[in-house]
Chemist: 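The structure's right below; bear with me while I get my questions together.
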Amino acid sequence: MTAALKFADAEMLGMAILADVGAQVVQSTSTLLTAPLVRLRRVPGEARSHFEDPAHLEYMAFGATLQDAKALAEACWQRLEFAYAKGFELEDGTRVTVDRTESLLSPTEVPWVNPDVRVVQGTHLIVTRSIPA
């Protein structure tokens, strides 16, 4: 009998990767948007296979100035870009290794409704293997 497979939550993995980014990191469902802050969201992307999960993670870096938002987004880019072959521990104690990363959208400023907040957004592909259930 084969053990069932499961995959790590991509947003939780992203939060673990960005844990030391220098600002609070929240999931896409959070209503908190006070700068400095990073908001992570898994966006539709490549289909999951039986062996791996290619997750597209969008990060939005909120800063009081454009320079602050750019610096925070660059720190996110660096951590996500070089997260491959490293293990990260999720809140539930599960250890997940990132097999591959790829920048899909380099940090780019996006319009935001509040003129006192600047937002820089980027997207990374993070590929992880399934883990035994």
Chemist: Provide the closest heavy-atom pair for L40 versus G14 in the form atom of the first, atom of the second, distance.
Modeler: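 Scanning both residues, the minimum pair turns out to be CD1-C, 3.3 Å.
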Chemist: Do the charged groups of D9 and R42 touch, with an N to O distance under 4.0 Å?
Modeler: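 Answer for the salt bridge query: no.
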Chemist: Side chains of T34 and Q24: closer than 4.5 Å at any heavy-atom pair?
Modeler: no
Chemist: Under the 3.5 angstrom rule, does the side chain of T123 hit a backbone N or O of E58 as a donor-acceptor pair?
Modeler: no
Chemist: For G87, does its backbone N or O pair with a side-chain atom of R95 as donor and acceptor, under 3.5 Å?
Modeler: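 Checking the backbone N and O of G87 against the side chain of R95, a donor-acceptor pair under 3.5 Å is found.
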Chemist: Determine, stepwise, if the pair D20 / R79 fulfils side-chain contact (heavy atoms from CB on, under 4.5 Å).
Modeler: CA-CA 9 Å; D20 68 342; R79 282 160 182 80; 2.8 Å; yes
Chemist: OG1/T65 to CZ/R118 distance, rounded to the nearest 0.5 angstrom?
Modeler: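 T65 OG1 to R118 CZ: 8.0 Å, rounded to 0.5 Å.
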Chemist: What's the spacing between W112 CH2 and M60 CE if we round to 0.5 Å?
Modeler: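 Answer for the CH2-CE pair, W112 versus M60, is 4.5 Å.
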Chemist: Are M12 and V21 connected into the same hydrophobic cluster when the rule is that any two of I, L, V, M, F, W, Y join if their side-chain heavy atoms are below 4.5 Å apart?
Modeler: yes
Chemist: Could you grab the distance from atom CD of E11 to atom OG of S30, nearest 0.5 Å is fine?
Modeler: 10.5 Å
Chemist: Going hydrophobic residue to hydrophobic residue with side-chain gaps under 4.5 angstrom, can you get from I126 over to Y84?
Modeler: yes
Chemist: Is V38 linked to L66 within one hydrophobic cluster, defined over Ile, Leu, Val, Met, Phe, Trp and Tyr using a side-chain heavy-atom separation of less than 4.5 Å?
Modeler: no
Chemist: How would you list, by chain and number, every residue that makes a ring pair (Phe, Tyr, Trp, His ring centres under 6.0 Å) with Y59, sequence neighbours excluded?
Modeler: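 Testing Y59 for ring pair (Phe, Tyr, Trp, His ring centres under 6.0 Å), a comparison that skips the adjacent residues, returns none.
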Chemist: Search all heavy atoms of A69 against all heavy atoms of F62 and return the closest pair with its distance.
Modeler: CB-C, 4.5 Å
Chemist: Stepwise, does the side-chain contact (heavy atoms from CB on, under 4.5 Å) test hold for T94 with I131?
Modeler: CA-CA 9 Å; T94 304; I131 49 180; 3.5 Å; yes
Chemist: Would L72 end up clustered with M15 when hydrophobic side chains under 4.5 Å apart are linked, directly or stepwise?
Modeler: yes
Chemist: With a 4.5 Å cut-off on side-chain heavy-atom distances among I, L, V, M, F, W and Y, is there a chain of contacts connecting V98 to F82?
Modeler: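 Linked within one cluster.
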Chemist: Do you know the tightest heavy-atom contact between N114 and D116?
Modeler: OD1-N, 2.8 Å
Chemist: Atom OG1 of T128 and atom CG of D53: how far apart are they, to the nearest 0.5 Å?
Modeler: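 Rounded to the nearest 0.5 Å, the OG1-CG separation comes to 4.5 Å.
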Chemist: Salt-bridged, D99 to R129, with N to O below 4.0 Å?
Modeler: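 Counted as a salt bridge, because a side-chain N and a carboxylate O are separated by less than 4.0 Å.
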Chemist: Evaluate the side-chain contact (heavy atoms from CB on, under 4.5 Å) criterion for residues L125 and H56: first the C-alpha distance (whole Å), next the side-chain angles of each, then the deciding distance (0.1 Å), finally the verdict.
Modeler: CA-CA 5 Å; L125 170 70; H56 292 190; 3.4 Å; yes
Chemist: Provide the closest heavy-atom pair for A73 versus A61 in the form atom of the first, atom of the second, distance.
Modeler: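 In this case the closest contact between A73 and A61 is N-CB, 3.6 Å.
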Chemist: Calculate, to the nearest 0.5 Å, the distance between atoms NZ and OG belonging to K6 and S130 respectively.
Modeler: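 With rounding to 0.5 Å, NZ (K6) is 11.0 Å from OG (S130).
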Chemist: Of all the heavy-atom pairs spanning A10 and A55, show the shortest one and how long it is.
Modeler: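 Scanning both residues completely, I find the closest heavy atoms to be CB-CB, 3.5 Å.
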Chemist: With rounding to the nearest 0.5 angstrom, report the CZ to OG1 distance, R39 to T29.
Modeler: 8.0 Å
Chemist: If you compare all heavy atoms of T101 against all heavy atoms of H124, which two are closest, and at what distance to 0.1 Å?
Modeler: CB-CD2, 4.4 Å
